[in-house]
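Atom set for the values below is all heavy atoms of this structure, side chains included, hydrogens, waters and symmetry mates excluded. Note that this is a predicted model, so its numbers are computed, not measured. Lettering follows sequence order; numbering is per chain, from 1.
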Protein chains: 2
Amino acid sequence: MSDLMVTTPIHSASVLPEEPTQASRFGKARSAQSGALLEDYVELISDLMTSGGEARPTDIARRLGVAHATAIKTIGRLKREGLAVAKPYRGVFLTEAGESLAARVRARHRVVVDLLLAVGVPFEAAESDAEGMEHHVSDATLAAFARFLARD
Amino acid sequence: MSDLMVTTPIHSASVLPEEPTQASRFGKARSAQSGALLEDYVELISDLMTSGGEARPTDIARRLGVAHATAIKTIGRLKREGLAVAKPYRGVFLTEAGESLAARVRARHRVVVDLLLAVGVPFEAAESDAEGMEHHVSDATLAAFARFLARD
DNA sequence: CTCGGAATGTAGCCTCGGCTACATTGTATG
DNA sequence: CATACAATGTAGCCGAGGCTACATTCCGAG
């Protein structure tokens, strides 16, 4: 989601020669969290449509382990963000932006899982941890992962 | 008692009450997020006390890039969770639980950064991304990272 | 065609992690 | 010693992401 995320102002340049470095690192980690949920939804919706033709709120809720009302509310956010469209009592569909975000997320997920497997992480843990880690993987890190996987 | 030989039960189960989620990987990734902030605070407080003798709310706020009121509120949570103690207008101090959590967090952080560096991630990106990723690294994955780093 | 159950949507409440604005305390200094 | 100022704390607001409870709509059997 990095491409289309509205970047928060974070902070003004401090007068102090202290380290604003750590603050920005924490800040980045934190703001990366905003968007993680949307990324998960978009990826899941894409999955559901590919493998079943439709994405219903109930399925989404079940797959994410949340109440259906929560899923519906978040789908509303997806619509506001221009990532999805949905008419009442019809399924949910991704917009162009949503599809392209889903593709990027899926690609990143695959690289992260592969990297974890490559360094010896058990499959189950790799799949599970990647779900949380992937949202914090920067482009630079992702590129390094890809290079590492392409070695030999 | 020093945390030196406390066989750390490892991981944040201490911080988070487990819920009866039938959820998939998503649920785990999500709940891991809930302790991330506390982990950051505890690690930072530990750092500040080591390298300056005291941890003041203002310093914590500046280092985390948040308003001081936010830091104070979160310190309140730390106290509720039994990770820190603080008397009004005095500094913040970690409890035994807080210290031991800080130690585990710091150790995990180092392993994650080292792993990233080992697979070719640039230093800056490694430090930055690790900040967000580390909170999603399970024990199994952490162990795998350690094994990978110990290989020859 | 009707009707009941499942899916969908709405309303209202909660906590967390931010923020600003304001109030209070501690302390350094004139 | 008084007091200005920085640090600390309090109050109240916001949005995100959860939940439950209730209302509505859709659809497949009869």
Euclidean distance, atom NZ of residue A:Lys79 to atom C1' of D:dA16 [Å, nearest integer]: 18 Å
Any residue meeting side-chain contact (heavy atoms from CB on, under 4.5 Å) with A:Arg106, in chain and number order, not counting sequence neighbours: A:Glu43, A:Ser46, A:Asp47, A:Ala102
When you check every protein heavy atom under 4.0 Å of nucleotides 1-10 of chain D, what one-letter string (B, S, -) results, 5' to 3'? ------SBBB
Take the protein atom NE2 of B:His135 and the nucleotide atom C1' of C:dC16, then report the distance between them rounded to whole Å. 16 Å
Go through the structure and list residues passing side-chain contact (heavy atoms from CB on, under 4.5 Å) with A:Ala130, not counting sequence neighbours. A:His109, A:Val112, A:Val113, A:Leu116
Carboxylate-amine/guanidinium contact A:Glu39 A:Arg108, below 4.0 Å: yes
Between C1' on D:dG18 and CG on A:Asp40, what's the gap in Å once rounded to a whole number? 15 Å
Going by the rule ring pair (Phe, Tyr, Trp, His ring centres under 6.0 Å), which residues pair with A:His136 if we only count those two or more places apart in sequence or in a different chain? B:His136
Mind checking salt bridge (Lys or Arg N to Asp or Glu O under 4.0 Å) for B:Arg110 and listing every partner two or more places apart, or none if nothing turns up? none
If the condition is salt bridge (Lys or Arg N to Asp or Glu O under 4.0 Å), which residues does A:Asp129 pass it with, not counting sequence neighbours? none
Please state how far atom CD in A:Glu54 lies from atom P in D:dC27, giving the value in whole angstrom units. 10 Å
